[in-house]
Amino acid sequence: MNPSIYNHILCVYPYRNDGFHAGFLPPLGLELIASVLEPSCRSLEIVDLRKRPGRTIDFCRPGTDLVCFSVNWKRDVEFIREEIRSARPGAFILLGGRHVTENPEDWFAACPSVDAIVRGDGEEAVEELCRGDALEGITSLSFRRNGGIVHNPNRTPGHIRDDLLPSRHLRKESYQLGLEGVEAGILIDTVSSSRGCPFNCRFCSFSLNPWGKKREWSARSPESVVDELSQIQAPIVGFTDDLFTFDMDRVDRICDLILARGIRKKYIINARLEIAQHPEVLRKMEKAGFFMLMLGIESTQDKTLGSMRKGFDTARIRQCFNVLGQSSMILNGYFILGCIGESVQEMLQIVPFSRELGLDSIAISILRSSPYSGLDELVAESPGYHIAPNGKIYSDHCSVRELRDLRHRIYREFFTPGQLFRIARKGIRHGILRFLPRVLPRLPRLAWSVAANYREHSQRRRARETAAETVPV
């Protein structure tokens, strides 16, 4: 394939909404692929179907000869396949993303028009494709040949590049903080400054590459990260890193560069509790604009923390929060419901434990078995535990529905008016008052939308429960 044949390339993010009802995050991975493609074509367009009305075929031109789809999440699968099947006949159809990487054969079978699938990170494979390399020589590529499917060997992920930035200039829409489809008027952007995670938490598959091999932590230079931050217009930036704080010397250098260059933004990061061992860097992070730490705590039970290989126990958590609690940053704790061996009463300890630690907010997920996480083996060894078709783990004493109800109960108990005031007070200390002129006019619509969606969600849940009760045993 010669790069000169690329007249028009179409890159599609084929989702209509985000799973958490807040469609504000840009398709960063697809924008990185677009940066690789752009030098090898006459024109290139990124289409985010969450933002733009119409279907993929509406954006195909007579000269469109390459269409790329980013398929990362296991939702809207039939809609996405229809989008792929509708793409312009004769164009080379290329798929990428975590979800298609896990089961490329299914996507080839469901979408006869697909020519190739990039498994895992796509930047290097797409660069080789643009260069005109033979398909047989591009590692991590699966493609059709003579009526069959050829799967080239897996690629060992290379070091994350300093010189490759997302093609933000191709965005036709802004990305804003929002809720239930209503935008709050505050721009937000994301940055990928590192990939991989050196830890081995048992429930997590993100520290592995998509075919189950440990992914080594790899980071961009502080200078590259801060150069990118200086080019971003949005005042709030979320780092997509699995673990931003692994190398605290690097974090310290990033803070120094942000302060030296006078960049005034607010940053949200994923961190581990070990950050508490560096109180001087914590203080510098506050000065540089870091205002929210997303901390993986997962459980209130030592037996669970041990079986999940978290690397700490509740005593260690309390020690770390003696330091973290002195920070002005908003502290969010991640917890998991349905961990094997935990009773309902033990799961309900999340609220008192969170208050004891001084957490400002919490985020709760239901334990899910992902490919290569090893949880399927643990479930098989645990009588009374099962894996639902969607991957969620449940037990004879707590069904998936009961786990969802438990999550709602915990949220209601934790997010009291006093807790919301605590979050607002910290936000004010970080200067969120300057956003109020943009947000205030939208508050009535935001409140109405949240209430309407809550009512709709409750009605759907009651309908599901009623249907389940009428199914004969």
Side-chain angles (χ1 to χ4, degrees), residues 1-16 23 25-72 76 79-97 99-101 104 107-108 110-119 121-135 137-138 140-145 161 163-175 189 231:
M1 298 184 67
N2 191 305
S4 65
I5 69 168
Y6 295 145
N7 296 308
H8 177 246
I9 298 176
L10 186 65
C11 294
V12 182
Y13 189 74
Y15 295 91
R16 282 300 189 195
L25 297 179
L28 198 69
L30 191 62
E31 292 178 343
L32 285 168
I33 295 299
S35 292
V36 175
L37 290 167
E38 197 168 10
S40 301
C41 64
R42 295 187 177 92
S43 65
L44 187 149
E45 185 176 9
I46 298 177
V47 173
D48 185 342
L49 292 181
R50 298 170 301 172
K51 292 281 189 177
R52 302 181 69 180
R55 306 293 294 267
T56 298
I57 189 61
D58 299 327
F59 301 98
C60 289
R61 304 177 185 175
T64 300
D65 40 22
L66 175 60
V67 184
C68 303
F69 291 89
S70 175
V71 186
N72 287 291
D76 301 334
F79 172 78
I80 292 170
R81 288 176 173 172
E82 282 299 321
E83 291 300 294
I84 293 169
R85 290 191 283 259
S86 74
R88 178 179 177 270
F92 191 90
I93 308 299
L94 180 67
L95 307 188
H99 185 50
V100 295
T101 293
W107 287 86
F108 277 119
C111 304
S113 61
V114 169
D115 294 287
I117 291 175
V118 177
R119 310 187 312 271
D121 294 354
E123 295 91 341
E124 293 180 42
V126 169
E127 192 169 45
E128 293 165 11
L129 190 67
C130 291
R131 199 166 58 212
D133 290 7
L135 299 185
I138 301 176
S140 79
L141 191 72
S142 299
F143 60 95
R144 297 186 190 273
R145 180 58 51 89
R161 291 167 53 175
D163 63 337
L164 184 63
L165 300 181
S167 294
R168 292 185 175 88
H169 64 280
L170 294 175
R171 293 180 188 172
K172 290 183 169 59
E173 305 84 15
S174 64
Y175 291 86
D189 211 329
Q231 299 171 25

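Count residues from 1 along the sequence. Note: hydrogens, waters and symmetry copies are ignored here, and every other heavy atom, side chains too, is used.
- To the nearest 0.5 Å, atoms CG (Leu44) and SG (Cys68) are separated by 8.0 Å.
- When all heavy atoms of Arg16 and Gly54 are compared, the pair lying nearest together is NH2-O, 2.7 Å.
- The side chain to side chain donor-acceptor pair (under 3.5 Å) search around Glu38 returns His169, not counting sequence neighbours.
- Checked against salt bridge (Lys or Arg N to Asp or Glu O under 4.0 Å), Glu124 has the following partners two or more places apart in sequence or in another chain: Arg155.
- Judged as a salt bridge (Lys or Arg N to Asp or Glu O under 4.0 Å), and not counting sequence neighbours, Arg88 has no contacts.
- Side chains of Glu82 and Arg55 form a contact here, defined as non-hydrogen atoms less than 4.5 Å apart.
- Considering only residues two or more places apart in sequence or on other chains, Asp115 meets the side chain to side chain donor-acceptor pair (under 3.5 Å) condition with none of them.
- Listed by chain and number, the residues in a ring pair (Phe, Tyr, Trp, His ring centres under 6.0 Å) with His99 are Trp107 (sequence neighbours excluded).
- Pairing each heavy atom of Ser167 with each of Ala34, the nearest pair is OG-C, 3.6 Å.
- Rounding to the nearest 0.5 Å places OG of Ser174 at 5.5 Å from NZ of Lys51.
- Of all non-hydrogen atoms in Leu37 and Cys11, the two that sit nearest each other are CD1-SG, 3.8 Å.
- Annotation: side chain of Pro27 is in contact with side chain of Tyr175 (closest heavy-atom distance under 4.5 Å).
- In terms of heavy atoms, Asn72 sits closest to Gly97 at OD1-CA, 3.4 Å.
- Note that CG of Asp121 is 10.0 Å distant from CG of Leu32, once rounded to the nearest 0.5 Å.
- Arg168 has a carboxylate O that lies under 4.0 Å from a charged side-chain N of Asp189, or vice versa, which qualifies the two as a salt bridge.
- The structure places SG of Cys60 at 9.5 Å from CD of Glu45, a figure rounded to the nearest 0.5 Å.
- Of all non-hydrogen atoms in Pro14 and Leu49, the two that sit nearest each other are CA-CD1, 3.8 Å.
- Among residues two or more places apart in sequence or in another chain, the salt bridge (Lys or Arg N to Asp or Glu O under 4.0 Å) test is passed with Arg144 by none.
- Remark: side-chain polar atoms of Glu83 are paired, donor with acceptor, to backbone N or O of Thr56 under 3.5 angstrom.
- Here the shortest heavy-atom pairing between Leu135 and Phe143 reads O-CE2, 3.6 Å.
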